[in-house]
Amino acid sequence: MPVLTYLEAIRQGIWEEMERDDSVFLLGEDIGVYGGAFKVTAGMLEKFGADRVIDTPISESAIVGAAVGAALVGMRPVVEMQFMDFIACGFDQIVNMAAKIHYRWGPAVPMVIRGPSGAGVHGGPYHSQSNEMWFVHTPGLKVVMPSTAYDAKGLIKASIRDDNPVIFYEHKFLYRRIKDEVPETDYVVPLGKARVAREGTDLTVITYGAMVWTAIEAATELEKEGISMEVVDLRTLLPYDEEAVLASVRKCSKVLLLHEDTRTGGMAGELAALIGEKAFQDLDGPIVRVTAPDTPVPFAPPLEEYFLPNAKKVAEAARKLAAY
Amino acid sequence: MPVLTYLEAIRQGIWEEMERDDSVFLLGEDIGVYGGAFKVTAGMLEKFGADRVIDTPISESAIVGAAVGAALVGMRPVVEMQFMDFIACGFDQIVNMAAKIHYRWGPAVPMVIRGPSGAGVHGGPYHSQSNEMWFVHTPGLKVVMPSTAYDAKGLIKASIRDDNPVIFYEHKFLYRRIKDEVPETDYVVPLGKARVAREGTDLTVITYGAMVWTAIEAATELEKEGISMEVVDLRTLLPYDEEAVLASVRKCSKVLLLHEDTRTGGMAGELAALIGEKAFQDLDGPIVRVTAPDTPVPFAPPLEEYFLPNAKKVAEAARKLAAY
Amino acid sequence: MRRFTLRPLNRGAALKGRHKVDDAALVKMLYALKLTREAESRIENVLYRQGKIVGGVYTGRGQEAIGVGSAIQLAEGDWVLPSHRDFSSFFLRGFSLRQIMANWMARANTPTRGRDNTLHLGDLNLRVIPIISPLGDTLPVACGVAMALKRRGQRRVVLVHFGEGTTSRGDVHEAMNMAAVMQLPVVFICNNNGYAYSTPATQQFLVNKLSVRGPAYGMVGFTVDGNDVLAVYEAVRHAISHARKGLGPTFIECKTFRMAGHSAHDAAEYVPREVLEREAKNDPIPRFELTLLGSRVVTHQDLQDLEQKIRDEIDDAVAYAESSPEPEGSTAVEGVLCGADCWWKKPIDRDEQRLASATASRELHGTDD
Amino acid sequence: MRRFTLRPLNRGAALKGRHKVDDAALVKMLYALKLTREAESRIENVLYRQGKIVGGVYTGRGQEAIGVGSAIQLAEGDWVLPSHRDFSSFFLRGFSLRQIMANWMARANTPTRGRDNTLHLGDLNLRVIPIISPLGDTLPVACGVAMALKRRGQRRVVLVHFGEGTTSRGDVHEAMNMAAVMQLPVVFICNNNGYAYSTPATQQFLVNKLSVRGPAYGMVGFTVDGNDVLAVYEAVRHAISHARKGLGPTFIECKTFRMAGHSAHDAAEYVPREVLEREAKNDPIPRFELTLLGSRVVTHQDLQDLEQKIRDEIDDAVAYAESSPEPEGSTAVEGVLCGADCWWKKPIDRDEQRLASATASRELHGTDD
Ligand SMILES: Cc1ncc(C[n+]2csc(CCOP(=O)(O)OP(=O)(O)O)c2C)c(N)n1
Ligand SMILES: Cc1ncc(C[n+]2csc(CCOP(=O)(O)OP(=O)(O)O)c2C)c(N)n1
Ligand SMILES: [Mg+2]
Ligand SMILES: [Mg+2]
C-alpha cells in the first residue's frame with residue numbers, strides 16, 4: 001500500500017471525491033493556481049478546471065455563505081480556510097445560516113469547511129488556534145478532526161458525502177510529519193465513530209487530533225513503568241461517539257481527558273459530564289484534564305512549549321491517576 | 001428601597017456609571033432616539049447627549065471593533081447588541097481582537113458588550129439563543145449573566161469598571177418579570193463571585209441566568225417532599241467561582257447542573273470536569289445535567305416549551321438524584 | 001387584450017428601453033399588491049391584536065411594489081431570497097396563503113413545521129430561500145446559488161432583497177464584490193424605506209443614492225421609484241436580462257417608505273409627522289390602481305370584485321391556519337442533522353403548494369421574459 | 001537649506017495644492033525608506049535563511065514609500081494602524097530597530113514579550129496599534145480611536161493601512177461606511193500591490209481604481225502612485241488636513257507592487273516574469289534617490305554615508321536581538337486578564353523607545369503640518 005502523509009491523504013480524498021461526484025467543488029483563497037497555502041489542493045485546478053476550483057476574494061463570510069447557497073441547489077462545496085483561525089470571520093454564516101437550515105425548513109446542506117488548525121509551528125496567536133468547540137457547541141453541524149493519514153482520507157471523503165455542514169479540522173503539525181499506509185481504494189471512515197488508537201487497561205486517555213500522538217508517546221513511556229494506558233481517538237467531535245468513550249472508561253475505570261485546545265469550556269468538559277453522568281459507578285478515580293491553559297497561543301518557542309500539552313505532562317498526570 | 005425590574009436595574013447601573021465616569025459611552029443600534037429595542041437605554045440620549053449615546057449603522061463587527069479602538073485610547077464603551085444572537089456578526093472582533101490585545105501587547109481593553117439573550121418569549125431561532133459558551137471558551141474575556149435585579153445593577157456597574165472586555169448577558173425573559181429592591185446607592189457586585197441563591201443540604205443545583213428561578217421553583221416544590229436542594233447562581237461564567245461551586249458540592253455531595261443553553265459543549269460540561277476532578281471524593285451520585293437539547297431554539301410554543309428546562313424537569317432529575 | 005406601455009422611469013439613466021406588459025400581468029400585479037396589503041393588514045391589525053399571531057409582526061406596508069414588480073418576472077427555474085418584509089415574493093412564487101398564515105400562527109403544517117417564525121419560509125421546489133434574522137446573510141447565499149446555476153450553464157437568475165439598513169453589514173459588501181468579480185447572475189434589490197428600525201437612512205450612510213454602490217464593485221447601479229411597481233418591473237427586467245446574458249450582477253435601489261412601525265409593537269414616533277403625511281400620498285397601491293383605471297385595464301367593478309376575492313382568500317387562509325394543529329412538543333428534537341431520519345424527506349403537506357406553484361409559473365410564462 | 005517643491009502628482013484630481021517639504025524631511029524619508037529596505041532584506045535574506053527568525057517573514061519590499069510618505073507627517077498625538085508589511089510606520093513612530101528585530105526573534109524584551117510575532121507590535125505611547133492576522137480587523141478599531149479623539153475635541157487623525165486584498169473583507173466596508181457617516185478623522189490607506197498572496201487584484205475585484213470606493217461611502221477617494229513617496233505624501237497630507245478640519249475620512253489607493261513573494265517561503269511563481277521585470281524598474285527607492293540627487297538634496301557621498309549608518313544600526317539591532325533573552329515558558333500564563341497583576345503595568349524596557357519617540361516627534365515638528 002502506498003505511504004502517504006496526512007496532507008497527501010487529505011488531498012487524495014478530496015481528489016477522489018471530485019472525480020467521483022461532479023457536484024463536488026472547491027472554494028477558497030489561493031487554492032487554485034497556488035494550490036493552497038499548504039498545497040492541499042495542488043494540481044486540482046489543472047485537473048478539474050477553474051469551474052470547480054474557485055479562487056475567491058478574501059471574504060470568509062461570503063465564501064461560507066456561497067457554499068451554503070451552492071449546497072442548497074445540489075452542489076457539494078468544499079471550502080478551504082487558509083487557517084482555521086480565520087473561520088471566526090465567517091462565523092455567523094456557519095452558526096446561523098449553515099447549521100440551522102435543515103432544522104428550520106428541511107433541506108440538506110452538504111458542505112465541508114476544512115483547513116489547518118492547531119499549534120506547534122510557532123505560528124503565534126493567529127495561526128495556531130484550536131477553535132473546534134465553538135462548533136461542537138452548535139447544533140446542526142458535524143465536527144471532525146483526524147489524527148492519522150488513513151483516517152484523514154477516510155474522514156474527508158465521509159465528510160464530503162455527508163448531508164450536513166461539516167467542519168473539518170486538519171492539524172497543521174501533522175501535515176507532513178505523519179505518514180501512513182493509505183489504500184488507493186475508495187473507503188470512508190464513518191463520522192461519529194471513535195477508534196481505540198492503543199489498547200490499555202489501567203486507565204484511558206480520551207483525545208483527538210495531534211494529541212493522539214502525544215498520548216501514544218506517553219503510553220509507550222508508561223508501559224515501561226508497568227502502567228497500561230488506553231488511547232481513544234475521537235475522530236469526530238460532533239456528534240461524538242458516546243459508546244466508545246463509555247466503553248473505554250468502563251474498561252479502565254480511570255480516565256484522563258486530553259486536548260490541545262484551552263481548558264475552560266473545552267471538549268474535556270463535555271466528556272467529563274458524559275462520564276460523570278453515565279459512568280459514575282465505574283470510576284475509580286477523579287476525572288483528570290490535561291489541556292492547554294486558558295491563554296491565547298503564544299508565539300515564542302519556550303512559551304508555546306509551556307502552553308502545549310506534551311507526553312511528559314500526560315505521563316505525569318497518568319502516573320498520579322494510576323496511583324490513585 | 002425602591003423596587004426595580006431587572007431591566008430598570010440595568011438601566012440605572014449604566015446611568016450611574018455614565019454620570020460617574022465621563023469616559024463611559026454607549027454604542028449600538030437604535031439606542032438613542034428609540035432607547036433600544038427593549039428600552040434599556042431610554043432617556044440616555046436626552047441626558048447624556050449624542051456624543052455619548054451613539055446610534056450606529058447595522059455593523060456589528062465595526063461596532064465591536066470601534067469599541068476596542070475607543071477602549072484603547074482610554075474610553076469605556078458599552079455596546080448594545082440588539083439581540084445577543086447577532087453577536088455572531090461581530091464575533092471575530094471579539095475573539096480575535098478584543099480578547100487577545102491585553103495578552104499580546106499589554107493594554108487594558110475596558111469595554112462591555114451587553115444585550116438580551118435567552119428564550120421563553122417565542123422569539124424563534126434568532127431571537128432566543130443562549131450563546132455564552134463561545135465566549136466562556138475564549139481566554140481574555142469575562143462573561144457575566146445576572147439573574148436578579150440587584151445583581152443586574154451591581155454586575156453591570158462592575159463590568160463597566162472592569163479593565164477587560166466583558167460580555168454581559170441580560171435574560172430577556174427576566175427583563176420585566178423580575179423585580180427586586182435595588183439600592184439607589186453606588187454598589188457593585190464583584191465579577192467572578194457566585195452566590196447561594198437558596199440554601200439546601202441534600203443536593204445542589206449549579207446554574208445561572210433565568211434558570212436560577214427555575215431551580216428555585218423546583219427547590220420550593222421539592223422542599224414539600226422533604227428534599228432540600230441548594231441553588232447556586234454563578235453570576236459570572238468566566239472566570240467562574242470554582243470555590244463556591246466546590247463548596248456547595250462538598251456540602252451536598254450530589255450535584256445537578258442546569259442551563260438553558262444546549263447540552264453538548266455547554267457550561268455544565270465545564271462544571272462537571274471541575275467537580276469530577278476536584279470534588280470526586282465528595283460525590284455521592286452521578287453528575288446530572290438538565291439542559292436544553294441540542295437543537296436550535298424552536299419557535300412554536302409547544303416546541304419551545306419542550307426545548308426549555310423547567311421546574312418540573314429539574315424536580316424530576318433532582319428526585320432521582322436524591323434517591324440515588 | 002390591450003398592451004400597456006411602460007414609461008421610461010429613470011430618464012437619462014441606463015433604463016432606456018420600453019417594454020410591453022400585457023393586461024393579465026398587470027392585473028396579476030395589482031392582485032398581488034392588494035392581497036399582500038390586505039393579508040398583512042389582517043395579520044397586524046386584527047390577528048395580532050387578537051393574540052392569534054405568535055411572536056412579532058413585520059409587514060411590508062408601503063413597499064409591496066418592490067416584491068411584486070420583481071417576483072412577477074421570474075421564470076420557474078429562477079430563485080428569490082426575499083427580505084423580512086417581502087410577503088408578495090412568497091405569494092408570487094407559489095406559497096399558498098394558507099401556509100403563510102399558518103406559519104404566522106406557529107402551526108405544524110408549514111414548511112418550518114413551527115420551528116421558525118414570520119416569513120422565514122423556504123421551499124426548494126418553489127425556489128425560495130428564506131431570510132434569517134442576521135441581516136445581510138442571504139446575499140452571500142444568493143451568490144452561491146448563482147455560482148451553481150452558472151456552472152450548470154443554466155440561464156437562471158437569483159434575486160435577493162434587503163433593506164437600506166442592511167447595506168451596512170459586511171456580508172452585503174463581500175457578496176456584492178464576489179458577485180461582481182465572478183460575474184454572477186444576481187440581482188441585488190435594496191428597498192430603501194427610509195428607516196432601519198428607528199434609524200433614519202441619513203444615520204446609516206452618507207450617500208444620497210445607494211446605487212453608487214454598484215459602480216464601486218464594477219456593476220450597474222440603478223435608483224428607481226420603489227413605489228411605482230412598473231418602475232421596479234422595468235429596472236428588474238433590465239437586470240434580469242443582463243444577468244441571463246452572463247453579464248453579471250446589478251444593484252437596484254428602490255426608494256420607498258415603511259408605512260408602519262418597524263414591527264407591530266412600534267408606534268414609530270421617531271418618524272416626523274410631515275414625512276408620514278407626505279408619504280401617505282405616495283402609497284404604491286392607489287397609485288397603481290389609478291394607473292390601471294386610467295388606462296382602462298381595470299374598472300371600478302373589477303377592483304371591487306378583486307377585493308372581495310382577496311377577502312375571501314384571506315378568510316379561508318385564516319380559518320385554515322386557526323384549525324391547523326400546533327406541532328407536537330417532542331418533535332422539537334427531530335431533524336437537527338440530516339440523516340436517515342431526515343425530517344425533510346418525510347412527506348409534509350405540500351400538495352397545495354405544488355398546485356399553486358404550477359399555476360403561478362403557468363401564468364408567468366404568459367409574460368415576456 | 002533649499003526647499004523642495006512637490007510636483008502635483010495627480011493632475012486634474014483633487015490633489016491640487018503644492019506643498020513644500022524641507023530638505024531635512026526629504027532626507028529623513030530617504031533614510032526611512034532605505035533603512036526599511038535594508039532591515040527587511042537582512043531579515044528575509046540573511047537571518048531567516050540562517051534560521052534565526054522565528055515563524056514566517058512578510059516584508060514590504062517595493063511598497064516602502066507608502067508607510068514612509070504617510071507616517072512621516074504624523075504629529076505626536078496622531079495614531080497609526082500599520083498593515084502587516086509596514087515596517088517603516090513602526091520605525092517612524094519611534095519603535096527602536098532593536099525592539100523590532102528582537103520581536104522577529106521572539107525575544108522577551110519586546111512589546112509583545114514574545115507572545116506575538118512579526119510586526120504585531122503595539123505601543124500606546126507611540127500611538128501605534130498593531131494589526132492582527134484576520135485582515136481588515138484594524139479598520140473598525142481605527143474608527144473607534146477616531147471617535148474618541150473626536151469626542152475629546154482633539155484635532156488628531158488616525159491612519160490605517162491595508163492591502164487591496166483586504167478590501168474584500170466585510171469589516172473594511174463596515175468601517176469605511178461608519179467613518180463616513182460619523183465623519184471620523186480617519187485616513188484609509190490601501191496599498192494595492194497587485195497581489196493578495198497568489199491572488200491577483202483582478203480576481204479580487206472588478207474595478208480598475210479602488211478609489212471609486214471612496215465616493216460609494218460619501219468620502220473622497222484618491223488613487224496615487226504608491227511608488228512615489230512624494231505622491232503618497234501629498235495625498236496623505238490632503239487627507240490629514242481634511243480630517244483635522246473635521247471634514248471626515250478619505251480613502252487613498254496607493255498603486256504599488258509586492259517585489260517579493262507573499263512571504264519568505266513563497267517564490268511567487270504565479271507572477272508573470274514580464275511583470276516582475278517591469279516593476280523592478282519602478283522601485284520606489286532608486287526613484288526617490290534619483291529625485292534627491294537630481295535636485296541636489298543629497299550627494300552620492302551622503303548616500304554612502306547613509307547606507308553605512310543604516311548597516312551599523314542594523315548590525316547593532318541584530319546583535320541586540322540575538323543577545324536578548326527568550327521569554328520564560330511559565331510567563332505564558334500571565335496576564336490573560338488585565339487585573340491587579342496586569343503585566344502591562346509592570347515596567348518593561350521602554351526607555352529606548354521613548355527616546356526614539358521624542359526624537360522622531362521633534363524632527364516631525366520641523367515639517368509643515
Ligand atoms: C445583524 C443584525 N443586526 C440587527 C438586527 C435587528 N434588526 C432587525 S430589522 C432591523 C432594521 C433593518 O433595517 P433595513 O435593512 O432597512 O430593513 P427594514 O426593516 O427597513 O425593511 C434591525 C436593526 C438584525 N436582525 N440583524
Ligand atoms: C481574514 C483573513 N483571511 C485570510 C488570511 C490569510 N492571508 C494573509 S495575508 C493574505 C493576503 C493579503 O493580501 P493584501 O490585503 O493585498 O495584502 P498584501 O499581503 O498584499 O500586503 C492572506 C489571504 C488572513 N490573514 N486573514
Ligand atoms: Mg429600511
Ligand atoms: Mg496586496
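Chain naming here is simple, since letters A, B, ... match the order of the sequence lines and numbering starts at 1 in each.
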The interface call for D/Thr166 against chain A, heavy-atom contacts under 4.5 Å, is backbone
CG of D/Asn208: more than 12 outside heavy atoms within 6.0 angstrom? no
Find the one option among D/Gly329, D/Ala106, D/Gly170 whose heavy-atom pairs under 4.5 Å with chain A are most numerous. D/Gly329
Do other residues, nucleotides or ligands put more than 12 heavy atoms under 6.0 Å from the CD atom of A/Glu305? no
Top contributor to chain A interface from D/Asp266, D/Thr167, D/Thr331, D/Val54 [non-hydrogen pairs under 4.5 Å]: D/Val54
Output all residues satisfying side chain to side chain contact (heavy atoms under 4.5 Å, CB included) with D/Ala332, sequence neighbours left out; order by chain, then residue number. A/Pro298, A/Leu303, A/Tyr306, B/Tyr103
Quick check for you: to the nearest 0.5 Å, what is the distance between A/Phe307 atom CZ and D/Arg115 atom CZ? 12.0 Å
Close side-chain approach of A/Asp85 and D/Ser133, heavy atoms under 4.5 Å: no
Heavy-atom distance under 4.5 Å to chain A: side chain of D/Asp171, backbone, both or neither? neither
When A/Ala37, A/Pro296, A/Ser61, A/Gly124 are compared by non-hydrogen pairs under 4.5 Å with chain D, the top option: A/Ala37
Looking only at heavy atoms and a cut-off of under 4.5 Å, which of D/Gly165, D/Ser263, D/Ser330 has the most pairs with chain A? D/Ser330
A/Lys39, NZ: over 12 other non-hydrogen atoms inside 6.0 angstrom: yes
Nearest 0.5 angstrom please: D/Tyr197 OH to A/Tyr34 OH, how far? 3.5 Å
Hey, can you tell me if D/His120 and A/Tyr126 have their rings parallel, tilted or perpendicular (30° and 60° cut-offs)? tilted
Keeping D/Asn117 on the side-chain end and A/Phe299 on the backbone end, is there a donor-acceptor pair under 3.5 Å? no
Can you tell me if D/Glu322 has over 12 outside heavy atoms packed within less than 6.0 Å of its CD? yes
Residue part contacting chain D, namely of A/Val121, when any heavy atom lies under 4.5 Å: neither
Checking heavy atoms, do the side chain of D/Glu328, its backbone, both or neither come under 4.5 Å from chain A? backbone
So what's closer than 4.5 Å to chain D heavy atoms on A/Gln82: side chain, backbone, both or neither? side chain
Side chain, backbone, both or neither: which part of A/Ala62 has an atom under 4.5 Å from a heavy atom of chain D? neither
Heavy-atom cut-off 4.5 Å, strictly under: side chain, backbone, both or neither for A/Ser59 against chain D? both
Residue among A/Ile54, A/Thr56, A/Asp55 satisfying side-chain contact (heavy atoms from CB on, under 4.5 Å) with D/Gln203: A/Asp55
Which atoms of D/Ile132 are under 4.5 Å from chain A, going by heavy atoms: the side chain, the backbone, both sets, or neither? both
Only counting residues at least two apart or in another chain, list the ones meeting ring pair (Phe, Tyr, Trp, His ring centres under 6.0 Å) with A/Phe38. A/Phe83, A/Tyr175
Walk me through whether A/Ile58 and D/Gln204 qualify under side-chain contact (heavy atoms from CB on, under 4.5 Å). CA-CA 8 Å; A/Ile58 302 173; D/Gln204 198 73 240; 3.8 Å; yes
Segment of A/Asp30 engaging chain D (4.5 angstrom heavy-atom cut-off): both
